[in-house]
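A quick write-up on the structure given underneath.
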Amino acid sequence: MTCYPVYIPTLNRYEHFRNCVESLARCTHADKTELVVSLDYPPSEKYVEGWKKIKAYLPTLQTLGFGKVTVFEQTENLGPGKNNQVVKDYCIAHYDAYISSEDDNVFSPCFL
């Protein structure tokens, strides 16, 4: 069985992102799935608080039970389009297909 990666670009919506990732971790086959995350850099001060929370949360992703976790942390703001392209390019280079998610999706346990 082939499990395709799930990619999630994000910036500052910590609660949404955490709920999204943790719902994916509860899915059947999460242990065979690569989670790919790209955290964009905040474009202005109003995004910094949520960005810091996500940045602090990222190291815990390894403990959630995914087959593999790959994280891209941007050092300058790319904007939604380019931040999304970072994870898409990575997935295309390593897999035949991928699953794209926004950071505010919540999944049922049978999604994967």
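Numbering of residues begins at 1 and proceeds along the displayed sequence. In what follows, every heavy atom counts, from backbone to side chain, and hydrogens, waters and symmetry copies are set aside.
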Student check: side-chain heavy atoms of [X] and [Y] closer than 4.5 Å:
X: Phe17; Y: Val37; value: yes
X: Cys20; Y: Ser101; value: yes
X: Phe66; Y: Lys32; value: no

Residue pairs meeting ring pair (Phe, Tyr, Trp, His ring centres under 6.0 Å), one or both in residues 18-38, sequence neighbours left out, come to none
Supply the atom-to-atom distance [X] [atom1] to [Y] [atom2], rounded to the nearest 0.5 angstrom.
X: Asn77; Y: Leu11; atom1: CG; atom2: CG; result: 7.0 Å
X: Leu61; Y: Ile8; atom1: CG; atom2: CD1; result: 8.5 Å
X: Glu76; Y: Tyr41; atom1: CD; atom2: OH; result: 10.0 Å
X: Leu64; Y: Arg18; atom1: CG; atom2: CZ; result: 10.5 Å

Sequence neighbours excluded, the answer for ring pair (Phe, Tyr, Trp, His ring centres under 6.0 Å) partners of Tyr4 is none
By salt bridge (charged side-chain N to carboxylate O under 4.0 Å, His left out), Asp31 pairs with (sequence neighbours left out) none
Heavy atoms of Ala30 and Ala25 approach each other most closely as CB-O, 3.6 Å
All heavy atoms of Ala97 vs all of Pro5, minimum pair found to be O-CD, 3.5 Å
Is the backbone N or O of [Y] less than 3.5 Å from a side-chain atom of [X], with the two atoms forming a donor-acceptor pair by type?
X: Asn83; Y: Ser38; result: yes
X: Asn19; Y: Glu15; result: yes
X: Ser23; Y: Phe107; result: yes

Ser108 meets the side-chain contact (heavy atoms from CB on, under 4.5 Å) criterion, sequence neighbours left out, with Cys110, Phe111
Those residues at least two apart in sequence (or on a different chain) that pass side-chain contact (heavy atoms from CB on, under 4.5 Å) with Thr33 are Cys3, Val6, Leu112
For [X], check side-chain hydrogen bond (donor to acceptor under 3.5 Å, both in side chains) against everything at least two apart and list the hits.
X: Asp103; result: Thr10, Arg13
X: Glu102; result: none
X: Asp89; result: Gln85

The remaining residues in the hydrophobic cluster of Tyr90, counting side-chain heavy-atom contacts under 4.5 Å among Ile, Leu, Val, Met, Phe, Trp and Tyr, are Tyr7, Val36, Phe72, Leu78, Val86, Val87, Ile92, Tyr98
Distance-only check: which donor-acceptor pairs under 3.5 Å involve side-chain atoms of residues 46-59, not counting sequence neighbours?
from: Trp51; atom 1: NE1; to: Asp40; atom 2: O; distance (Å): 3.1
from: Lys55; atom 1: NZ; to: Glu73; atom 2: OE1; distance (Å): 2.4
from: Tyr57; atom 1: OH; to: Glu22; atom 2: OE2; distance (Å): 2.8

